[in-house]
Q: 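Dumping the structure here so I can ask a few things about it.
Just so you know, these numbers use all the heavy atoms, side chains as well, and skip hydrogens, waters and symmetry mates.
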Amino acid sequence: MYNLIRRDVILQKKLIITFIPFILFFIIMDSHPALIFLVASIFIPFNAYAYDEKAEVNILLNSLPYTRSEIIASRYLGAIIYMLLAIGVTSLALFVFNRPFTMTDISIGGGLFLVFAAFTFPLFYIFKQGSITMVVIVSFLILAAVGPAFVRFLATHLTAITDFIVNSSTSFLYAGATVVVLTLYALSWGVTTFIYQRKAF
């Protein structure tokens, strides 16, 4: 399974060179640190899926001595590993450019990435290859554009939830958010494994 995770980096080694300029663009544009951590985390995992769509690599993967469960596990575990590496590199870049950030920014960016991955990873095995990458990119841009406004709308109209959040301790909110995010990610992992095991290539 380690080799499957390592494969994504090897296949994208030329593209990874663009990772730093990609992150620097968002830093220079004075984007919110949480957003920078989010887009940095997305870079490698979603590029790997886009590459596999073009190369139809699933046919090759299924001819190798790996079970389908291991192939999906490498995707989900790899995404977490790449997220942690991306957060490390992004933190260093923000420090070099004297841009302040907090652990809350890291938590929000990482959490949003895991939630976005949880909802989109199964789509790569549900829809026909060659079309889903664009759907995911457009979905991300839409969420990035309307997400803050949607949160403000909920905060204004769902006062009971807003009051509950305001009156809850920070540690309780962090713990609750962590449980929700990890549960979604685990459910997505299970759903994707179920779909992939029954898919014909």
Side-chain angles (χ1 to χ4, degrees), residues 8-9 12 15-50 76 78-121 123 132-185 188:
D8 291 339
V9 175
Q12 296 186 80
L15 190 60
I16 290 176
I17 296 174
T18 66
F19 177 77
I20 298 298
F22 178 74
I23 298 305
L24 292 181
F25 170 78
F26 283 91
I27 294 175
I28 293 170
M29 294 300 292
D30 201 30
S31 300
H32 192 282
L35 176 62
I36 300 174
F37 286 118
L38 171 60
V39 295
S41 299
I42 282 174
F43 193 86
I44 295 177
F46 283 90
N47 276 322
Y49 270 114
Y76 278 79
I80 294 174
I81 292 170
Y82 300 136
M83 177 191 74
L84 295 174
L85 291 173
I87 286 173
V89 173
T90 304
S91 298
L92 180 61
L94 288 168
F95 176 78
V96 169
F97 279 82
N98 200 29
R99 283 288 311 278
F101 64 94
T102 64
M103 285 300 297
T104 300
D105 296 325
I106 294 175
S107 299
I108 292 173
L112 288 175
F113 164 72
L114 292 177
V115 170
F116 187 70
F119 282 105
T120 55
F121 278 7
L123 300 180
I132 187 58
T133 300
M134 187 53 64
V135 171
V136 169
I137 292 172
V138 171
S139 299
F140 175 74
L141 293 175
I142 291 173
L143 285 173
V146 305
F150 181 69
V151 171
R152 285 194 295 270
F153 173 82
L154 291 179
T156 303
H157 292 82
L158 299 179
T159 53
I161 295 176
T162 304
D163 292 340
F164 174 77
I165 293 173
V166 169
N167 294 322
S168 298
S169 66
T170 303
S171 58
F172 175 80
L173 291 175
Y174 271 116
T178 300
V179 170
V180 170
V181 169
L182 292 180
T183 301
L184 285 173
Y185 200 71
S188 173

Q: For a quick test of reading the model, state the closest non-hydrogen atom pair linking Ile87 to Ser41 and the distance between them.
A: CG1-OG, 4.1 Å
Q: Please collect all side-chain hydrogen bond (donor to acceptor under 3.5 Å, both in side chains) contacts where either partner lies in residues 104-117, sequence neighbours excluded, each pair once.
A: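 Every pair satisfying side-chain hydrogen bond (donor to acceptor under 3.5 Å, both in side chains) with a residue in residues 104-117: Thr102-Asp105, Thr104-Tyr174.
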Q: For Met29, give me all partners under side-chain contact (heavy atoms from CB on, under 4.5 Å), at least two apart in sequence or on another chain.
A: Phe25, Ser31
Q: What pairs with Ser91 under side chain to side chain donor-acceptor pair (under 3.5 Å), at least two apart in sequence or on another chain?
A: none
Q: At what distance, to the nearest 0.5 angstrom, does CG of Leu94 lie from CZ of Phe26?
A: 12.5 Å
Q: Please confirm whether the backbone N or O of Leu184 pairs with a side-chain atom of Ser188, one donor and one acceptor, at under 3.5 Å?
A: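 Checked: no pair found.
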Q: Has the side chain of Tyr185 got a donor or acceptor atom that lies under 3.5 Å from a matching backbone atom of Tyr76?
A: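 At least one qualifying donor-acceptor pair exists.
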Q: Using the rule given for side-chain contact (heavy atoms from CB on, under 4.5 Å), can you reason through Leu114 versus Ile80, listing the C-alpha separation, both sets of side-chain angles and the distance that settles it, and then say yes or no?
A: CA-CA 8 Å; Leu114 292 177; Ile80 294 174; 4.2 Å; yes
Q: What pair of heavy atoms forms the shortest contact from Phe113 to Ala79, and how long is it?
A: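 It is CE2-O, 3.7 Å.
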Q: For Ile36 and Arg99, which heavy atoms make the closest approach, and how far apart are they?
A: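 Heavy atoms of Ile36 and Arg99 come nearest at CD1-NH1, 4.5 Å.
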Q: Counting only heavy atoms not in Phe95, do more than 12 fall under 6.0 Å of its CZ?
A: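 Atom CZ in Phe95 is not crowded, with 12 or fewer foreign heavy atoms closer than 6.0 Å.
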Q: Identify the heavy atoms of Thr183 and Val179 that sit nearest to each other, and give their distance.
A: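 Closest approach of Thr183 to Val179: OG1-O, 2.6 Å.
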Q: Mind checking whether Phe101 and Phe37 have ring centres under 6.0 Å apart?
A: yes
Q: Look up atom CE in Met103 and atom CD1 in Ile108, then write down how far apart they are to the nearest 0.5 Å.
A: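 Between Met103 CE and Ile108 CD1, I get 11.5 Å after rounding to 0.5 Å.
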Q: Could you tell me which non-hydrogen atom of Ala40 sits nearest to which non-hydrogen atom of Thr90, and how far apart they are?
A: CB-OG1, 3.2 Å
Q: If the plane angle is over 60° it's perpendicular, under 30° parallel, otherwise tilted; pick one for Phe43 and Phe19.
A: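 Rings of Phe43 and Phe19: perpendicular, over 60°.
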Q: Using 0.5 Å steps for rounding, measure from the CG atom of Leu92 to the CZ atom of Phe97.
A: 10.5 Å
